[in-house]
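Keep in mind that this is a model prediction, so the values were computed, not measured. Chain A is the first sequence line, chain B the second, and so forth, proteins listed ahead of strands; every chain is numbered from 1.
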Amino acid sequence: MITTRFAPSPTGYLHIGGLRTALYSYLWARKNSGRFLLRIEDTDLKRNSKEAAEAIEEAFRWVGLSHDDEIVYQSERFDLYKKYIQKLLDEKKAYYCYMSREELDALRAEQQARKERPRYDGRYRDFEGTPPAGVEPVVRIKAPTEGTITFTDGIKGEISVRAEDVLDDFIIARADGTPTYNFVVAIDDALMGITDVIRGDDHLSNTPKQIVVYEALGFDLPKFYHVPMILNPNGKKLSKRDGAMDVMEYKRMGYLPEALLNFLIRLGWSHGDQEIFSFQEMLELFDPKDINKSASAYNAEKLLWLNAHYIKNATYERLITELQDFDVNIADHDKKEILVDALRERAKTMVEFAQMAKAIIDRPQAYDEKAVKKFIGEDSLEILKRYAAFLQISEKALHLPVDFEEVTKQFMAKYDLKMKNLAQPLRISLVGTSVSPSVYDVLSILGKDEVIYRIEKFIEHMKKA
RNA sequence: GGCCCGUUCGUCUAGCGGUUAGGACUCCGGCCUCUCACGCCGGCAACAGGGGUUCGAGUCCCCUACGGGUCACCA
């Protein structure tokens, strides 16, 4: 059984880097009928963990991820950690260190002056004497001083480091008794039964320290997968303005969650040449062994393309529901399918979709000057007037785009007009600009009466001007 | 600076010793056409550099360069 976990520190929101590792962890667990757990790394306290957890769950809900069991808060497990600290103390695998911060700072300064790696010198490692007064001790773990630590990373391969290069007796409990990150991560992963740790590769160099904890406590090591970072389009670290903002911000910008997920899974992972992955396919095909070794840059155009793809293929119900979040309610519109089909090919985001829908449904507030200048000629108004009259007396029932196409062709034949002569003036009269879906679609969506009304209003407006 | 990791078109990537180095996004042409899109067809564009190993290297090894991560009583 595979158990994975997502273990963010409470920053207040979930960004796409976090979402991606969460997705990978989720997929790997679910694919193997395993469990996917959520743990909040809040040993630091200061920040509001509940709020952060709620933000993460909200984002999970939006994209369709779910976790098993209750959320684990490290801040609620201090007693547990204390027991393990005591255990290591009793077994002499950890010890109190009475070095003051000043002494520590001085030591580091010296080492740096000598161009050495700053590290604790182990002065209290085997201390048996009377502790200096007035110093609240920290607890340090005895780390190996020689030899190498080797582990296999599921993405990077075998990683091997020399103990003397990277380790020292690091602190596992602060002077106030609270435990530190590298200590609790190892304990919680072990106690929660995590078999596969999938996390950002900024944790790669923490892994040896955590292995020291696992070994001191006699826990089995999980498999590690260190996922490369997401970079901004310039190859630098991702910041908020590049896309590292709250995942929910993507919803507000009109992205569909399936597009975001498809975008993220493909960023650093691939399955041959396949670009489009349904959630089901992600579940079937994802394997962390196929994750790339190198960092990848955030590519906004590709996200947009994927979003457009999912909009094109979404159901009517889905799109109509999504539209409600952007103040467009067409659930009761009798031509809603025609409207949706006309716009789904054109919108890259739901925000654009909504804007385009409004541009058709709402009567034009103004007429684009450039368009008028370019397309409204001497006889345009006369043609429109006749066209409206032609529609008015039409005996045929006008509902679908093909109905309007038919009468329009009859009209053009009667007056020996070309589509080019009619289409743009008509479009401008209906929506106020020279850009819109097919005029036949617009005609159908608006319906005969509204069409005639808008044409008359336009003629009126032009005559006034 | 020490340690660790990485480097195929601008970007995401395929490749797993023998390929005209493939696909996708973007961009540029063309077709379609009532505008804008969509769609379709076509095009530009890459193995960081240098040494090895090998009959043969994008693929294996070493070095260099560049990029990133990390070295806390943060996580």
Side-chain angles (χ1 to χ4, degrees), chain A residues 7-11 41-44 46-47 74 97 99 101 104 108 112 115-120 136-140 153 155-157 159-162 164-168 170-182 184-185 200-209 226 228-229 231 233-237 263 266-276 292-306 308 312 342-348 356 371 374-375 405 408 412 418-428 431 433-440 442:
Chain A
S9 56
T11 53
E41 312 248 306
D42 55 353
T43 51
D44 195 19
K46 321 260 168 19
R47 294 173 282 215
Q74 292 185 325
C97 170
M99 205 169 172
R101 286 180 197 255
L104 233 194
R108 272 202 273 265
Q112 279 173 348
K115 302 214 166 173
E116 285 172 15
R117 177 173 73 93
R119 58 186 299 195
Y120 175 65
E136 283 298 322
V138 298
V139 179
R140 290 180 180 272
D153 184 276
I155 296 170
K156 313 262 187 187
I159 309 283
S160 187
V161 293
R162 300 195 313 168
E164 61 181 301
D165 286 337
V166 299
L167 294 175
D168 65 358
F170 58 93
I171 292 171
I172 58 174
R174 303 180 182 97
D176 65 4
T178 58
T180 59
Y181 172 75
N182 285 119
V184 295
V185 166
D201 78 359
D202 49 334
H203 289 285
L204 192 60
S205 47
N206 283 325
T207 309
K209 286 185 180 177
H226 288 97
M229 311 263 91
L231 274 21
N234 302 316
K236 299 293 177 193
K237 196 172 175 181
F263 173 69
R266 244 344 238 92
L267 205 58
W269 175 86
S270 62
H271 180 71
D273 284 339
Q274 188 168 345
E275 296 287 348
I276 304 296
N292 251 235
K293 284 173 154 64
S294 53
S296 31
Y298 180 88
N299 181 194
E301 278 87 23
K302 195 138 185 182
L303 208 209
L304 230 31
W305 173 75
L306 280 163
K312 275 176 215 140
L343 299 182
R344 72 195 317 153
E345 303 289 323
R346 279 162 246 260
K348 283 190 159 55
M356 290 190 272
K374 186 169 178 189
F375 295 108
E405 183 168 359
T408 303
M412 289 188 294
K418 286 268 169 23
M419 192 60 188
K420 288 189 193 302
N421 304 329
L422 178 65
Q424 288 302 64
L426 180 56
R427 193 181 330 264
I428 292 165
V431 300
T433 68
S434 59
V435 175
S436 86
S438 160
V439 286
Y440 299 131
V442 176

Under 3.5 Å on both distances, the Watson-Crick or G-U partner of [N]:
N: B:rU11; value: B:rA24
N: B:rG67; value: B:rC5
N: B:rC40; value: B:rG30

- Could you tell me whether A:Phe263 contacts a base, only the sugar-phosphate backbone, or nothing, with contacts defined as non-hydrogen atoms closer than 4.0 Å? nothing
- Task: Assign A:Pro437 to base, sugar-phosphate, or nothing according to its heavy-atom contacts below 4.0 angstrom with the strands shown.
- Result: base
Between the base of [N] and the side chain of [X], is there a donor and acceptor pair under 3.5 angstrom?
X: A:Arg117; N: B:rC71; answer: no
X: A:Arg346; N: B:rC36; answer: yes
X: A:Ser438; N: B:rC34; answer: yes
X: A:Asn206; N: B:rA75; answer: yes

- Item | RNA chain B: 5'-proximal contact among A:Ala423 and A:Gln74 (nearest heavy atom) | A:Ala423
- Query: Where each residue is assigned the nucleotide of RNA chain B containing its nearest heavy atom, which of A:Val439 and A:Ile155 is assigned the position nearer the 5′ end?
  - Reply: A:Ile155
To the nearest angstrom, how far is [X] atom [atom1] from [N] atom [atom2]?
X: A:Ile172; N: B:rA75; atom1: CD1; atom2: C1'; answer: 17 Å
X: A:Ile171; N: B:rA72; atom1: CD1; atom2: P; answer: 10 Å
X: A:Lys236; N: B:rG69; atom1: NZ; atom2: P; answer: 9 Å
X: A:Met356; N: B:rC36; atom1: CE; atom2: P; answer: 15 Å
X: A:Arg140; N: B:rA72; atom1: CZ; atom2: C1'; answer: 10 Å
X: A:Leu303; N: B:rU26; atom1: CG; atom2: P; answer: 12 Å

List every contact pair, protein side and nucleotides 11-15 of chain B side both N or O, where the distance is under 3.5 Å.
unit_1: B:rC12; atom_1: OP1; unit_2: A:Ala297; atom_2: N; d: 2.8
unit_1: B:rC12; atom_1: O2'; unit_2: A:Arg266; atom_2: O; d: 3.1
unit_1: B:rC12; atom_1: O2; unit_2: A:Lys302; atom_2: NZ; d: 3.3
unit_1: B:rU13; atom_1: OP1; unit_2: A:Gly268; atom_2: N; d: 2.3
unit_1: B:rU13; atom_1: OP1; unit_2: A:Ser296; atom_2: OG; d: 3.3
unit_1: B:rU13; atom_1: O3'; unit_2: A:Ser270; atom_2: OG; d: 3.0
unit_1: B:rA14; atom_1: OP1; unit_2: A:Ser270; atom_2: OG; d: 2.8
unit_1: B:rA14; atom_1: OP1; unit_2: A:Asn292; atom_2: ND2; d: 3.4

Taking the [atom1] atom of each, how far is [N] from [M], in whole Å?
N: B:rG29; M: B:rC34; atom1: C1'; result: 23 Å
N: B:rG51; M: B:rC44; atom1: P; result: 30 Å
N: B:rU59; M: B:rG42; atom1: P; result: 31 Å
N: B:rU8; M: B:rC16; atom1: C1'; result: 14 Å
N: B:rA24; M: B:rC38; atom1: P; result: 15 Å
N: B:rC62; M: B:rC25; atom1: P; result: 38 Å
N: B:rC47; M: B:rU20; atom1: C1'; result: 15 Å
N: B:rA46; M: B:rC41; atom1: C1'; result: 24 Å

Strictly below 4.0 Å: does [X] bring a side-chain N or O up to OP1 or OP2 of [N]?
X: A:Thr433; N: B:rC36; value: no
X: A:Lys418; N: B:rC34; value: no
X: A:Arg119; N: B:rU70; value: no
X: A:Lys312; N: B:rG39; value: yes

Do [X] and [Y] come within less than 4.5 Å of each other through their side chains, counting heavy atoms only?
X: A:His203; Y: A:Tyr181; result: yes
X: A:Thr207; Y: A:His226; result: yes
X: A:Phe263; Y: A:Trp305; result: no
X: A:Met99; Y: A:Tyr120; result: yes
X: A:Asn421; Y: A:Met412; result: no

- With A:Arg162 via salt bridge (Lys or Arg N to Asp or Glu O under 4.0 Å) - residues at least two apart: A:Glu164, A:Asp165
- Message: I'd like to check the salt bridge (Lys or Arg N to Asp or Glu O under 4.0 Å) partners of A:Arg346; sequence neighbours left out, ordered by chain and number.
- Response: none
- From A:Lys302 NZ over to A:Arg266 CZ, what is the distance, rounded to the nearest 0.5 angstrom? 5.5 Å
- Message: If the threshold is 4.0 Å, N to carboxylate O, is there a salt bridge linking A:Lys156 and A:Asp201?
- Response: yes
